[in-house]
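Let me begin by presenting the structure, written as structure tokens, before commenting on it.
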Amino acid sequence: MITMSDIYEKVMDLAKRRGFIWPTSECYGAMAGFIDYGPLGAMMKRRVENIWRDFYVIEEGYYEIECPTIAQEAVFVASGHVKGFADKMCQCPHCHEFLRADHVAEGGGVAGAATMDHEVLAAAIASCRCLACEKVLGKVEVFSFNLMFRTSIGPGSQRTGYLRPETAQGMFVDFTRLLRFYRDHLPFGAVQIGKSYRNEISPRQGMIRLREFTQAEAEIFVHPEEKVHPRFSRYAEYTMPLLTAQQQQAKEPPLTMSMRDAVDNRVIANEYVAYYVALTHEMLVAIGIRPDRLRFRQHLPDELAHYAADCWDAEVYSDRFGWVETVGIADRTDYDLTAHAKHSGTKMTVFIQYSEPKKVRRRRIVPNMSVLGKQYRTKAKAVFEALSKAVPGTDGADIVVDGETIRIPPDLYEIRDEMVEVRGDEIVPHVIEPSYGIDRMCYAVLEQAYDEDIADGETRTVLRLPSSVAPIQVAVFPLMNRDGLDTIALEITTALRKEGVLAEYDDSGAIGRRYRRQDEIGTPYAVTVDYDSKEDHTVTIRDRDSMKQARIAITSVPQTVCALIDGSLIFTSLSP
RNA sequence: GCGCCGAUAGUGUAGUGGUUAUCACUAGGCGUUGCCAACGCCUAGACCCGGGUUCGAGUCCCGGUCGGCGCACCA
């Protein structure tokens with residue numbers, strides 16, 4: 001156990017030194033907000049992503065899709081990112097501080113800043129004081145800073161594109177294809193793991209705030225009135241501390257309760273959100289996040305996006321950064337689909353058939369088109385449309401066409417009361433969105449795995465990574481680099497590789513040094529071939545965390561190692 | 001973006017204007033070594049980038065990049 005508060009330095013140093021994380025294009029001076037994953041980091045990240053796939057693709061049955069990282073402007077106009085992913089900013093002419101213009105307005109008692117355009121806002125804040133140097137601003141220019149990276153598509157083209165700020169939009173714009181793929185019924189989901197981009201003004205904090213980062217997002221399309229997860233029972237009794245909005249406002253500690261109780265007591269909006277809160281908890285623990293450093297925090301009312309019904313963040317405690325938002329689980333209602341339907345002109349609804357057709361009495365207004373057509377000529381179509389929605393009085397119907405109120409006398413239409421059969425509803429599904437920041441997860445895993453203990457009077461650095469995410473799964477050593485021990489060790493390495501195990505062979509230096517090297521990169525097991533191996537065809541297998549050893553038959557090495565890695569066998573059950 | 005601080009082998013460091021840039025660890029090779037960073041010999045490896053001052057700059061000055069902290073920002 002280390003007490004040192006600045007574990008970050010040690011973790012990042014190790015990560016850099018041993019090939020987990022590198023500054024990008026370092027020979028040209030690196031770039032803030034971008035990182036390279038080195039050989040071990042890329043492997044570990046891949047393992048984290050694959051565990052995510054186990055949960056969402058294999059277990060939940062939500063297929064993965066892959067969309068471009070660049071999309072045309074229309075997509076982000078519809079999603080609201082072109083307008084809403086930008087901040088109105090200004091620069092103080094005195095101290096050159098960049099300020100959020102709406103914050104300046106708020107500080108100066110100017111109301112309604114959010115809806116003002118740039119010129120109006122600039123005029124409004126001219127008399128306000130700078131939030132930094134407190135001088136009166138005077139004449140300033142208000143400009144938008146959009147966090148999306150902008151680019152142009154095609155040679156000499158004016159066509160604007162943006163690098164996606166989230167993977168989610170790809171799933172929304174593919175909605176009708178996905179719906180068809182899932183044979184037209186709810187619920188269904190699609191997931192995507194990929195890069196997203198945000199042109200952060202000032203990225204800091206190493207791999208916590210990146211300009212290019214990896215997201216794993218699931219978009220689950222559900223019936224708005226049936227937010228009942230079909231497999232909720234899997235997590236109904238799953239219990240964990242929940243920091244609700246109410247607890248936060250009252251400055252009270254989290255409430256520990258089961259998902260069943262959380263839904264029943266309306267702490268969590270519905271079963272879907274609760275289900276993915278619990279699933280996320282299980283997954284984060286599986287990749288090596290300690291439960292006591294994991295909490296689920298509900299968005300406060302002012303934090304919650306206006307369209308969202310509920311949102312919970314999984315936050316992981318970092319010694320360096322405090323509570324870090326790592327996963328967000330939101331009920332986004334029908335916001336995204338409605339927006340894309342409207343902007344694209346594509347119907348994004350699901351037809352839900354009733355078990356039995358309903359007979360519905362419907363009052364219908366049937367215009368007399370032969371008269372209306374002659375009378376209103378070019379306006380006839382508009383009149384027709386307005387009339388069919390009108391509520392006629394006894395002396396006719398008042399309709400509004402092009403801002404003009406027209407009274408249509410009763411003899412120009414007929415009111416029919418009919419019984420019609422309705423076979424179902426067109427509904428816009430709601431979207432449940434669990435969204436994971438893979439890089440943050442990787443950092444958290446590294447930070448929490450980092451440990452130093454004392455072995456034989458020396459400090460031992462060890463990454464206590466779960467075997468499921470450790471980049472190298474097993475190391476194989478010949479005790480001596482001769483007498484055929486190396487041959488046996490190489491044969492074992494080959495046998496392990498045949499089973500799909502990432503095994504590293506190392507014959508350099510003293511055996512203790514080799515163990516330490518593997519400890520530092522989190523390799524959970526090491527197999528050592530010694531002189532007894534030649535006699536009785538056994539080897540030792542050593543456990544990283546306890547440094548204990550057991551003796552197993554050479555022929556059983558691949559099977560034993562696989563079982564240890566997948567958790568079906570625990571090390572202590574092996575005989576020493 | 002602003003302010004303050006920092007940057008020397010893979011890592012940690014010494015070096016207050018003057019030879020060929022210090023030391024340790026690490027890494028590679030050879031030897032040795034019978035299970036936890038042992039040892040011997042050998043080898044490799046650095047002044048963040050660009051300007052300036054100076055006879056001479058790792059060292060002083062300016063600008064940039066990256067990192068840390070504070071401010072601001074974080075749909």
Side-chain angles (χ1 to χ4, degrees), chain A residues 6 8-10 12-14 16-19 22-35 38 76 79-92 94-104 130-133 144-148 165-166 168 196 198-206 208-211 303-308 320 324-325 328 330 453-462 477-483 485 508-520 526-534 539-544 546-549 551:
Chain A
D6 225 358
Y8 171 82
E9 303 287 343
K10 294 194 167 208
M12 291 315 283
D13 171 64
L14 187 154
K16 206 188 288 184
R17 207 158 28 82
R18 300 305 307 271
W22 291 326
T24 194
S25 57
E26 206 177 2
C27 66
Y28 287 103
M31 251 195 312
F34 298 89
I35 56 165
F76 299 116
S79 69
H81 285 96
V82 167
K83 208 171 213 174
F85 203 57
D87 295 326
K88 283 177 189 150
M89 298 188 70
C90 62
Q91 189 175 20
C92 172
H94 314 293
C95 67
H96 308 293
E97 189 78 81
F98 280 91
L99 306 158
R100 278 273 296 263
D102 52 336
H103 287 184
V104 174
C130 171
L131 297 172
C133 71
S144 283
F145 181 77
N146 194 294
L147 263 39
M148 282 193 294
E166 56 178 23
S196 294
R198 296 179 189 185
N199 199 3
E200 298 286 351
I201 296 166
S202 170
R204 295 266 179 93
Q205 310 171 329
I208 298 294
R209 266 183 65 208
L210 295 169
R211 288 184 167 127
E303 221 179 332
L304 194 63
H306 64 91
Y307 49 80
R320 174 55 163 252
V324 176
E325 176 196 338
D453 60 14
I454 303 295
D456 297 325
E458 298 229 34
T459 301
R460 179 177 78 125
T461 301
V462 49
F477 308 141
L479 185 61
M480 291 297 133
N481 193 10
R482 57 160 189 250
D483 301 329
L485 300 188
S508 117
I511 190 73
R513 178 182 296 277
R514 285 180 264 167
Y515 285 139
R516 292 292 187 276
R517 272 201 282 255
Q518 296 299 331
D519 288 341
E520 202 181 33
V527 168
T528 302
V529 176
D530 58 20
Y531 284 94
D532 290 347
S533 306
K534 290 174 75 173
V539 288
T540 62
I541 181 162
R542 176 227 192 223
D543 175 56
R544 175 196 68 205
S546 64
M547 297 170 67
K548 294 233 163 67
Q549 286 180 309
R551 239 185 140 87

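The model shown is predicted, which means the values in this text are computed figures rather than measured ones.
Across the strands present, C39(B) finds its partner in G31(B); the criterion is a Watson-Crick or G-U wobble pair with both atom distances under 3.5 angstrom. Using Watson-Crick or G-U wobble geometry with both donor-acceptor distances under 3.5 Å, U53(B) finds no partner in any strand shown. Base-pair partner of C23(B): G12(B) (Watson-Crick or G-U wobble, both distances under 3.5 Å). Remark: G58(B) base-pairs with no nucleotide; criterion is Watson-Crick or G-U wobble with both hydrogen-bond distances under 3.5 Å. With a cut-off of 3.5 Å on both pairing distances, the Watson-Crick or G-U wobble partner of G3(B) is C69(B).
Comment: Arg514(A) does not engage Asp519(A) in a salt bridge, judged by the lack of any side-chain N to carboxylate O separation of less than 4.0 angstrom. Ion pairing of Arg460(A) with Asp453(A) is present here, as a side-chain N (NZ or NE/NH1/NH2) and a carboxylate O approach within less than 4.0 Å. Ionic pairing of Arg211(A) and Glu200(A) is not present here: no N-O contact between side-chain nitrogen and carboxylate oxygen is shorter than 4.0 angstrom.
Atom P of C48(B) sits at a distance of 9 Å from the matching atom of A7(B), rounded to the whole Å. A44(B) and G51(B) have their C1' atoms separated by 33 Å, with the value rounded to a whole Å. Distance check on atom C1': C66(B) versus G31(B) gives 43 Å, rounded to whole Å. Comparing the same atom, P, in A46(B) and in C23(B) gives a spacing of 15 Å after rounding to whole Å. Between C62(B) and U53(B), the two C1' atoms lie 10 Å apart (nearest whole Å). Taking atom P on both nucleotides, C47(B) is separated from U22(B) by 13 Å, rounded to a whole Å. One C1' atom belongs to A38(B), the other to U26(B), and the distance between them is 16 Å to the nearest Å. Straight-line distance between the P atoms of U59(B) and U19(B): roughly 14 Å, to the nearest whole Å.
With hydrogens and angles left out, the side chain of Arg542(A) and the base of C36(B) share a donor-acceptor pair within 3.5 Å.
For Arg513(A) and A38(B), the shortest distance from a side-chain N or O to OP1 or OP2 is below 4.0 Å. Note on Arg482(A): every side-chain N or O is 4.0 Å or more away from OP1 and OP2 of G31(B).
The side chain of Asp532(A) lies closest to G34(B), out of G34(B), G68(B), C36(B). Checking C35(B), C69(B), G34(B) against every side-chain atom of Met480(A), the shortest atom distance belongs to G34(B). Of the candidate nucleotides G34(B), C69(B), C36(B), G34(B) has the atom nearest to the side chain of Tyr531(A). Closest to the Asp530(A) side chain, of the nucleotides C35(B), U26(B), G34(B), is C35(B). Of the candidate nucleotides C36(B), C66(B), A27(B), C66(B) has the atom nearest to the side chain of Ala32(A). Nearest to the side chain of Thr461(A), among C35(B), A37(B), U33(B), sits A37(B). Closest to the Glu458(A) side chain, of the nucleotides G34(B), C36(B), A37(B), is A37(B).
In this structure, Asp456(A) reaches the sugar-phosphate backbone alone: every heavy-atom distance under 4.0 Å involves primed, P, OP1 or OP2 atoms, never a base. When heavy atoms are screened at a 4.0 angstrom cut-off, Ser508(A) is found touching the sugar-phosphate backbone but no base atom. At the heavy-atom level, Arg517(A) lies under 4.0 Å from the strands shown only through sugar-phosphate atoms. At a threshold of 4.0 angstrom between heavy atoms, the contacts of Asp13(A) are confined to the sugar-phosphate backbone, with no base atom among them. Among the heavy atoms of the strands, none lies under 4.0 Å from Glu166(A).
Remark: C1' of C66(B) and NZ of Lys16(A) are 9 Å apart, rounded to the nearest angstrom. Regarding Arg198(A), its CZ atom lies at a distance of 18 Å from the P atom of C73(B), rounded to whole Å. Atom-to-atom, CZ of Arg209(A) to C1' of C66(B) comes out at 17 Å; the value is rounded to the nearest Å. As rounded to whole Å, 15 Å separates atom C1' of U11(B) from atom CE of Met12(A). Atom CZ of Phe34(A) and atom C1' of G67(B) are 17 Å apart (whole Å). Residue Lys10(A) contributes atom NZ, which lies 19 Å from atom C1' of G67(B) at whole-angstrom precision. Between the CZ atom of Arg17(A) and the P atom of U26(B) there is a distance of 11 Å, given to the nearest Å. When the C1' atom of C36(B) is taken as reference, atom CZ of Phe477(A) falls 10 Å away, rounded to whole Å.
The shortest distance between side-chain heavy atoms of Asn146(A) and Arg198(A) does not fall below 4.5 Å. In this structure, the side chains of Val527(A) and Phe477(A) stay at 4.5 Å or more apart for every pair of heavy atoms.
Take Arg17(A) and apply the salt bridge (Lys or Arg N to Asp or Glu O under 4.0 Å) test, not counting sequence neighbours, and it matches Asp13(A), Glu520(A).
Formation of a donor-acceptor pair under 3.5 Å by the Trp22(A) side chain with backbone atoms of Gly38(A) is not found in this model.
Nucleotides of RNA chain B nearest to Arg460(A) and Tyr307(A) differ in position, and the one nearer the 5' end is that of Arg460(A). If you find the closest nucleotide of RNA chain B to Ala30(A) and to Tyr515(A), the one lying nearer the 5' end belongs to Tyr515(A).
Expressed to the nearest 0.5 Å, how far CD of Gln549(A) lies from CD1 of Ile541(A) amounts to 10.0 Å.
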